[in-house]
J.: 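One structure, as structure tokens, below. Some questions next.
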Amino acid sequence: MTPKQILDSFSETLIRDERILSTQERALVSTLLQHAKAATGTDAQTHEAVKAVIASAVGEIVAQRAFAVLGGSIVERILEGSSTAVDNERSVEVMGPKDPQTPTLPSPPGVKAPPRKEPQPPSQPRRGDPHTPGSPMRDPMPPASPGDPQTPTHGVVTTVVSKASVAVAERPETLPARCMVLDEFLSPQELAELTTFTLEHENDFQASEVLSPHADDGIVNYDHRRSRVLMDVERHQEVMLERIKSVLPEVLKKLDMEEFSLAAVEAQITASNDGDYFHFHADNASDRVASRYLTFVYFFHREPRQFEGGELRIHDARLEDGSYVSQGSYQSIEPRQNQMVFFPCQLMHEITPVKCPSQRFADSRFTMNGWLRR
């Protein structure tokens, strides 16, 4: 192997080690690089200079942590090899390397740091009772039944990555709620372009459909779901997919999900306005969508926000008479600007009713949501 190949291999190993760079720190560096690209535009020389500053800072952090990790490992191996020579009456306490304090990455010249400190999961998503006083969903949520509609695939733009077969696994008795949330997921420029694109295509949105387990096509069912969707998101799907791929290994690890061969990607933009909602459902509960594996929901809206509600609630569920029903507890994620949420497609979830007094399309709760298939 050439020296460059050896270094590339070493870098690949280091970047996958959470002790060297955490998921949040990798996402932060990715965001800084996107900001640098947006700020420098076509000025290649300035862009390279900014990248060099970021690379230098990251290199110092990685080197410091790598040496600490390697040092601890070497000490442990030495102790293992010499344990027979240690007097049995002596007590030796070996302290592992302390996690080094994370240095602050400097802001490159001409590049503004994102409003939040770094892309990171927020505090533990709120758990509560579905009937908490003051909740937008005041009536008890009806449990799902075998005939409840599911999210449709009809009309959704799909990017085929590779072909793979999938076997539907037996359903577990319980499905604990879990998700991963990343803030500042897109660069400011990408967020602005996505918002502009959405508002310019208002007339292309159509009523959301739902898919019953035995239906050939989606149907509009306002008793189960009410919103409007845009199926063709054009180049914004590729932008989102590239960003998702950059964090996918860490997301799967955090959610305790197996790595998989990506077969296809579905994406759409959903606009939820006054009174819109989506009742309790899963994203892969019918044969037509059984290969969906990971759901993503990206929140965006005009500032200042003109709506309330529209929380994403992921429920702890149990299997009852062949169908999943809520156990009464859930994780609740409030829509926040430029925030991405990942969770397994099989989890039961809902969108609480949206309150938008103006009822104007531009004031809606927007998401780019979709599914990774295997």
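All figures in this text were calculated on a predicted structure; none of them were measured in a lab.
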J.: Are His224 and Phe278 close enough that their ring centers fall under 6.0 Å?
T.: yes

J.: Please test Tyr330 against Asp316 for side chain to side chain contact (heavy atoms under 4.5 Å, CB included), starting from the C-alpha separation and ending with a verdict.
T.: CA-CA 6 Å; Tyr330 53 81; Asp316 295 308; 5.9 Å; no

J.: Walk me through it: do Phe299 and Val341 pass the test side chain to side chain contact (heavy atoms under 4.5 Å, CB included)?
T.: CA-CA 8 Å; Phe299 296 112; Val341 183; 3.7 Å; yes

J.: Indicate the atoms forming the closest heavy-atom contact of Ala263 with Arg374, along with that distance.
T.: CB-C, 3.7 Å

J.: Looking at side-chain heavy atoms only, is the closest gap between Glu311 and Ile333 below 4.5 Å?
T.: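 With C-beta onward as the side chain, the pair stays apart.
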
J.: Quick one: closest heavy-atom pair of Ala177 and Gln331, and the distance?
T.: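 Looking at all heavy atoms of both residues, the closest pair is O-NE2, 3.2 Å.
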
J.: Rounded to the nearest 0.5 Å, what separates atom CH2 in Trp371 from atom OG1 in Thr295?
T.: 7.5 Å

J.: Quick one: are Leu372 and Phe342 in side-chain contact, heavy atoms under 4.5 Å?
T.: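 Side-chain contact under 4.5 Å: no.
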
J.: So do Phe185 and Leu191 actually touch side chain to side chain, heavy atoms under 4.5 Å?
T.: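 The answer is no; the side chains never approach within 4.5 Å.
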
J.: Rounded to the nearest 0.5 Å, how far does CG of Asn369 lie from CG of Leu312?
T.: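 CG of Asn369 is found 10.0 Å from CG of Leu312.
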
J.: What heavy-atom pair brings Leu199 and Ala362 nearest, and what distance separates the two atoms?
T.: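 The pair with the smallest heavy-atom distance is CD2-CA, 3.7 Å.
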
J.: Could Glu334 and Arg305 be called an ion pair, given the rule that one side-chain N must be under 4.0 Å from one carboxylate O?
T.: yes

J.: When you compare the side chain of His236 with that of Met368, does any pair of heavy atoms fall below 4.5 Å?
T.: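 Side-chain contact under 4.5 Å: yes.
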
J.: Would you say the side chain of Ile244 lies within less than 4.5 Å of the side chain of Glu242, judging by non-hydrogen atoms?
T.: no

J.: Indicate yes or no for a side-chain donor-acceptor contact from Arg226 to the backbone of Ala207 under 3.5 Å, with no hydrogens or angles considered.
T.: no

J.: List the steps, then state whether side chain to side chain contact (heavy atoms under 4.5 Å, CB included) holds for Val181 with Met340.
T.: CA-CA 6 Å; Val181 183; Met340 173 66 87; over 6 Å; no

J.: Tell me, yes or no, whether the heavy-atom count around Glu303 atom CD, taken from other residues, nucleotides or ligands under 6.0 Å, exceeds 12.
T.: yes

J.: When rounded to the nearest 0.5 angstrom, what is the spacing between CG in Asn338 and CG in Leu186?
T.: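 Those atoms lie 5.5 Å apart.
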
J.: Side chains of Phe197 and Ile269: closer than 4.5 Å at any heavy-atom pair?
T.: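 When only atoms from C-beta onward are counted, Ile269 and Phe197 do touch, with a gap below 4.5 Å.
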
J.: Determine whether the aromatic ring centres of Phe205 and His201 lie less than 6.0 Å apart.
T.: no

J.: Give a yes or no answer on whether the side chain of Ser246 reaches the backbone of Arg243 with a donor-acceptor pair at less than 3.5 Å.
T.: yes

J.: Between Lys253 and Glu259, does any side-chain N to carboxylate O distance fall below 4.0 Å?
T.: no

J.: Has the side chain of Glu190 got a donor or acceptor atom that lies under 3.5 Å from a matching backbone atom of Ser187?
T.: yes

J.: Roughly how far, to the nearest 0.5 Å, is CG of Leu252 from CG of Leu294?
T.: 6.5 Å

J.: Would you please indicate if the ring centroids of Phe361 and Phe366 are separated by under 6.0 Å?
T.: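 Close enough - the centres of the two rings lie under 6.0 Å apart.
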
J.: What I want to check is whether the side chains of Gln346 and Asn284 have a donor and an acceptor closer together than 3.5 Å.
T.: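 Result is no, nothing qualifies.
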
J.: For the pair Tyr298 and Leu194, evaluate side chain to side chain contact (heavy atoms under 4.5 Å, CB included) and give the outcome as yes or no after the intermediate values.
T.: CA-CA 11 Å; Tyr298 172 76; Leu194 177 60; 3.7 Å; yes

J.: Do Ser291 and Arg373 get their side chains close enough for a donor-acceptor pair, meaning under 3.5 Å?
T.: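 Note: Ser291 and Arg373 side chains meet the donor-acceptor criterion.
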
J.: Counting N and O atoms only, with roles assigned by atom type, does the side chain of Asp363 sit under 3.5 Å from a partner on the main chain of Arg360, one being a donor and the other an acceptor?
T.: no

J.: Is the shortest side-chain heavy-atom distance between Met180 and Phe343 below 4.5 Å?
T.: no

J.: Which value, rounded to the nearest 0.5 Å, describes the distance between Arg336 atom CZ and His301 atom NE2?
T.: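 So the CZ of Arg336 and the NE2 of His301 are separated by 9.5 Å.
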
J.: Less than 4.5 Å apart, side chain to side chain, heavy atoms only: is that true for Thr270 and Arg225?
T.: yes

J.: To the closest 0.5 Å, what do you measure between CD (Gln268) and OG1 (Thr367)?
T.: 7.5 Å

J.: Would you sort out whether Gln306 and Ser358 count as a side-chain hydrogen bond (donor to acceptor under 3.5 Å, both in side chains), showing the intermediate values?
T.: CA-CA 8 Å; Gln306 299 297 315; Ser358 74; 5.8 Å; no

J.: If you measure only the distance, is there a donor-acceptor pair under 3.5 Å linking the side chains of Ser208 and Ser227?
T.: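 Looking only at side-chain atoms, Ser227 and Ser208 do form a donor-acceptor pair, the distance falling under 3.5 Å.
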
J.: Taking the six-membered ring for Trp and the single ring otherwise, decide whether the centroids of His315 and Phe280 are under 6.0 Å apart.
T.: yes

J.: Less than 4.0 angstrom from a charged side-chain N to a carboxylate O is my criterion; do Lys355 and Asp274 meet it?
T.: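 Here Lys355 does not pair with Asp274 in a salt bridge, since their nearest N and O are not under 4.0 Å apart.
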
J.: Show the nearest heavy-atom pair for residues Cys179 and Ile314, with the distance to one decimal.
T.: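 So the minimum-distance heavy-atom pair works out to CB-CD1, 3.6 Å.
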
J.: Looking only at heavy atoms, what is the nearest atom pair of Arg318 and Ser326, with distance?
T.: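 Scanning both residues, the minimum pair turns out to be NH1-O, 3.6 Å.
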
J.: Looking only at the aromatic ring of each residue, does the gap between the centers of His279 and Tyr277 stay below 6.0 angstrom?
T.: yes

J.: Could you check whether any side-chain N or O of Arg365 sits under 3.5 Å from a backbone N or O of Gly310, counting only pairs where one atom can act as donor and the other as acceptor?
T.: yes

